[in-house]
There are 2 protein chains.
Amino acid sequence: MLDRMAIARAARTQRKTRIQEEKQELILEAALDVFSASGFRGATLDQIADAAGMSKPNLLYYFRTKEAIHRQLIDRVLTTWLEPLRAFDAEGKPEAEIRSYIRRKLEMARDFPRESRLFANEILQGAPHIEDELKGPLKELVDEKAEVIRAWARSGKIAKCDPYHLIFSIWSTTQHYADFDVQVRAVLGQANAGEGRFEDAARFLEGLFMEGLRVR
Amino acid sequence: MLDRMAIARAARTQRKTRIQEEKQELILEAALDVFSASGFRGATLDQIADAAGMSKPNLLYYFRTKEAIHRQLIDRVLTTWLEPLRAFDAEGKPEAEIRSYIRRKLEMARDFPRESRLFANEILQGAPHIEDELKGPLKELVDEKAEVIRAWARSGKIAKCDPYHLIFSIWSTTQHYADFDVQVRAVLGQANAGEGRFEDAARFLEGLFMEGLRVR
DNA sequence: GTAAGCTTTTACCAAGCGGTCAATTTATCG
DNA sequence: CGATAAATTGACCGCTTGGTAAAAGCTTAC
């Protein structure tokens, strides 16, 4: 009778039915599949509804628009995505911190490639939905960690280098294995494209960054 | 009267009118803009026709389908994109070769960001149109250059490392500045996001790879 | 049970999409 | 010039798209 009122009220009062909780999760899971594989524009509500095992109007009962699904997905991913960088500890040993950051980012590329591609898609299209988040929270976090790295370099614990571009290079090299997966597989060929490629990548990247940052 | 016959005949005989030459170029230029900004699915023929300053039927007079435009664009980009890697010279000095490869790739990210994003979009979507090209010509080229790098490592000219992941890391770090441009700008902030960021990146990357690959 | 609210579906719509057709305008060349 | 081929366009088509309306089914609490 009240149609969408239930969802609207749930949103206001933060109180959700068990079904609402479950179905919204189901939808987000399905949407992650579809959005990460086809981008925002390439994804269709029919595909998502299908993947979630429900009808399109039913899907739209839980999320009012396609954009609403996408926005919530992006928000969620953005948070978990920056977790490794947040864990970056100024008090820790520089070498160990950087090494473990690389390892964690690479593990995320391996274990959450959909999340990585969702994010990559968004940035590639010019980040129309999250430009503010990039310029605000993200920039602040990076600024903070860049200062840590700069301090390490000043006190001679690692080589002098531009901390921002260091972070960029760790992001790009690790995410490459999720975002450009098809290319990586194609180039490595059937023989070397097994899951072992992540261990090889880890070994290479740790070597590169550890030697590249060693004080000289 | 003959409608599309002219184009078909031109395709067979390889003889094109001046107008055909010009207009096809105009269309590809416009399509590069649109495809790189929105991806294949996100781009519309109306947008491309608009950007090319002609009507949609007129556009379809020169290219029979949307995919035909995209295919030709991808083919063209793929060729020029691998130019720097082809120039990689087994006879050259390892350090100079790698350094100049990084520099050239970074210059391409700076000067041809649309081409980079077009390619990135295609790979992100699972490379539906070019998987064969990746597994064939691309893989062969990389295999060849990987052998060169491996030989350098064996003869002690550079540090031992996995040549494939070395190439991946150069690709990813350099293309990052084209594909993730919005993010890079957002994080660097207005003060540091000028064109100088490419020089900073070049300095950092050359340092990282040169030290990371130094024999030890 | 039953009434109230929550969930789901069938049928539908307007807009946007890639692409076609037929007719008109423009260029080319003897 | 005039004729023939090439280039261009407005009108249109069928399909897909995101989204809606309304009613039917289902849960839950009393």
Side-chain angles (χ1 to χ4, degrees), chain A residues 1-27 30-31 34-35 37-73 128-129, chain B residues 1-28 30-31 34-35 38-73 128-129:
Chain A
M1 260 283 180
L2 291 184
D3 267 7
R4 253 166 206 148
M5 292 285 288
I7 297 290
R9 193 163 62 77
R12 272 199 309 278
T13 62
Q14 260 110 350
R15 211 165 280 177
K16 291 181 191 175
T17 322
R18 175 183 50 84
I19 293 185
Q20 281 171 24
E21 201 89 48
E22 287 174 10
K23 289 293 168 81
Q24 288 193 356
E25 210 51 49
L26 192 69
I27 291 169
V34 179
F35 279 133
S38 311
F40 179 77
R41 195 83 211 284
T44 73
L45 289 181
D46 291 279
Q47 286 175 319
I48 298 172
D50 220 49
M54 64 178 71
S55 65
K56 187 168 59 174
N58 197 186
L59 186 156
L60 285 163
Y61 169 70
Y62 290 104
F63 292 89
R64 307 246 295 256
T65 64
K66 184 185 181 183
E67 281 196 2
I69 308 176
H70 190 251
R71 204 175 317 131
Q72 185 150 341
L73 220 41
H129 305 96
Chain B
M1 260 280 182
L2 290 184
D3 266 6
R4 251 170 208 146
M5 291 285 286
I7 296 290
R9 193 163 62 77
R12 271 199 309 279
T13 63
Q14 260 106 354
R15 211 166 279 177
K16 290 181 191 173
T17 323
R18 176 184 49 85
I19 293 185
Q20 280 171 26
E21 202 89 47
E22 286 174 11
K23 288 294 168 78
Q24 288 192 357
E25 211 52 47
L26 191 70
I27 290 169
L28 287 174
V34 179
F35 279 134
S38 311
F40 179 78
R41 197 85 212 279
T44 74
L45 290 180
D46 291 278
Q47 286 175 318
I48 298 172
D50 222 49
M54 64 179 70
S55 64
K56 187 167 58 172
N58 197 186
L59 186 156
L60 286 163
Y61 170 71
Y62 290 104
F63 291 89
R64 308 246 289 258
T65 64
K66 183 184 180 183
E67 281 197 2
I69 308 176
H70 190 251
R71 204 173 319 131
Q72 183 149 343
L73 220 41
H129 305 95

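All values below were derived from every heavy atom in this structure, side-chain atoms included, with hydrogens, water molecules and symmetry-related copies excluded. Convention: sequence-line order gives letters A, B, ...; per-chain numbering from 1.
- Between A:N58 and C:dT9 there is a side-chain N or O to OP1 or OP2 distance below 4.0 Å.
- Distance NZ (B:K23) to P (C:dA27): 9 Å, rounded to an integer number of Å.
- Closest of all the heavy-atom pairs between A:G42 and A:Q47 is O-OE1, 3.7 Å.
- Atom CZ in A:F63 sits about 15 Å away from atom P in D:dT20, given to the nearest Å.
- Of the candidates B:F63, B:Y61, B:Y62, B:Y62 is the only one forming a side-chain contact (heavy atoms from CB on, under 4.5 Å) with B:K23.
- In this structure, A:Y61 places its OH atom 11 Å from C1' of D:dC26, rounding to the nearest Å.
- Regarding contacts with the backbone of C:dT8, a side-chain N or O of A:Y62 is found under 4.0 angstrom from either OP1 or OP2.
- Nearest approach of A:A51 to A:V34, heavy atoms of both residues: CB-CG2, 4.4 Å.
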Worksheet entry | Under 4.0 Å protein heavy-atom contacts per nucleotide of nucleotides 11-18 of chain D, with B for base, S for backbone only and - for none | B-----SB
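- Computed from coordinates, the A:I69 CD1 to D:dG19 P distance equals 9 Å when rounded to whole Å.
- With sequence neighbours excluded, no residue satisfies side-chain hydrogen bond (donor to acceptor under 3.5 Å, both in side chains) with A:E67.
- Using a 4.0 Å cutoff on non-hydrogen atoms, no part of residues 47-55 of chain A comes near DNA chain D.
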